[in-house]
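Below is one structure, written out as structure tokens, with a few remarks after it.
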Amino acid sequence: MKKIAIIATLILSMAVVFMGCKDKRNPGTVYMPDMAYSRAYESYAARDSSLFTTDPANAGHKIFYNNLSPAGTIKRGELFPFSVPNDSNGLINLSALVKNPLEPLNGKELEEAGRLFNINCAICHGAKGENNGPLAAKIGGVKSIIATSPGYSDGRIFFVTEYGQLNMGSYASQLSREQRWRIVQYIRTLEPKTVPVATTAVKMDSAVVKK
Ligand code: HEC
């Protein structure tokens, strides 16, 4: 009788052990669901809509996750958010009021900014910040950064990296704010050194219309 009990227990435990072995991806009979199906959001995993929701109204019934950090929070070490609105007044007027929050970069930091520029921007704008990167022709042409940047405030250049501009996308998710303010400083080093100066001074009296 004792033997039968031992054999039965053995068979039963073997069955439990092998129960989930049919398919590697299938956890089989699940007795600890939170171990099999993570309640945490798994990056790069397909999101199961029967478990997750992006609608705050549904939170509680399903796991709420919308990929955004909670409102009002800032990543540790990150600069304050760029609060200029994404409209033409923001681009042309308000962005100019935002000063570059960083001190002038030293040689090493500038080198790092250049590295980021070459990775993220040069594919379209070219290493010199113009309009001749390898992708430029494929997306129907890009604008030269340094053709206009000398006349733009730091904030306006940052604005373009924050929101993108027509065929150029936003870089807000690829580069931190600090990295983008650094790139703005790097762009300044690419700008032509000789700023065209008006050579003929306008004589005030010659500008007066003579009757
Ligand atoms: C996919 C190609 C592409 C990449 C990569 C790209 N840009 Fe652009 N960029 C463009 C295009 C296209 C325009 C012109 C948009 C338009 O027609 O107004 C532009 C315009 C700009 C302008 C505005 C020029 C002006 O005269 O208004 C700035 C500044 C700029 N880019 C900076 C950057 C920076 C900095 C990066 C890297 C973080 C970058 N771009 C990466 C395609 C790109």
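Whatever order the structure lists them in is the order used to number ligands and atoms, beginning at 1. Just so you know, these numbers come straight off a predicted model, no measurement behind them.
For the residue pair T53 and D55, no side-chain donor N or O sits within less than 3.5 Å of a side-chain acceptor on the partner.
Against a heavy-atom cut-off of under 4.0 Å, T148 is close to the following atoms of ligand 1: 24 (C), 25 (C), 26 (O). For ligand 1, the atoms closer than 4.0 angstrom to any heavy atom of L166 are 16 (C), 17 (O), 18 (O). Near I139, meaning under 4.0 Å from any of its heavy atoms, are these atoms of ligand 1: 1 (C), 2 (C). Taking a cut-off of under 4.0 Å to the non-hydrogen atoms of I187, the atoms of ligand 1 that pass are 35 (C). The ligand atoms of ligand 1 that sit less than 4.0 angstrom from a heavy atom of N167 are 12 (C). For ligand 1 and G141, the ligand atoms under 4.0 Å from any heavy atom of the residue are 12 (C). For ligand 1 and I145, the ligand atoms under 4.0 Å from any heavy atom of the residue are 30 (C), 32 (C), 33 (C). Taking every non-hydrogen atom of I123 and a distance limit under 4.0 Å, the qualifying atoms of ligand 1 come out as 5 (C).
When the side chains of ILVMFWY residues are joined at heavy-atom separations under 4.5 Å, either directly or via intervening members, L68 and F52 end up in two distinct hydrophobic clusters. One hydrophobic cluster, built from ILVMFWY side chains closer than 4.5 Å, cannot hold both I123 and M168; they sit in different ones. Note on I187 and V142: separate hydrophobic clusters, where clusters join Ile, Leu, Val, Met, Phe, Trp and Tyr whose side-chain heavy atoms are under 4.5 Å apart, directly or indirectly. Criterion: ILVMFWY side-chain heavy atoms under 4.5 Å apart, direct or through other members. Under it, L166 and F158 are not part of a common hydrophobic cluster. Residues F80 and W181 do not share a hydrophobic cluster, clusters being chains of Ile/Leu/Val/Met/Phe/Trp/Tyr side chains in contact below 4.5 Å.
Residue contacts with ligand 1, taken as heavy atom pairs separated by less than 4.0 Å, involve V142 via backbone and side-chain atoms alike.
With hydrogens and angles disregarded, a donor-acceptor distance shorter than 3.5 Å links the side chain of R177 to the backbone of L79.
At least one N or O atom of Q165, backbone or side chain, sits closer than 3.5 Å to an N or O atom of ligand 1. Every N/O-N/O distance between T161 and ligand 1 stays at or above 3.5 Å. Checking only distances, Y152 does come within under 3.5 Å of ligand 1, N or O to N or O. Of the N or O atoms in H125, one or more lie within a sub-3.5 Å distance of an N or O in ligand 1.
Salt-bridge check for E112 with R182: failed, with every basic side-chain N at 4.0 Å or more from each acidic carboxylate O.
Each of V98, I92, N86 was evaluated against F159; a single residue qualifies, N86, per the side chain to side chain contact (heavy atoms under 4.5 Å, CB included) test.
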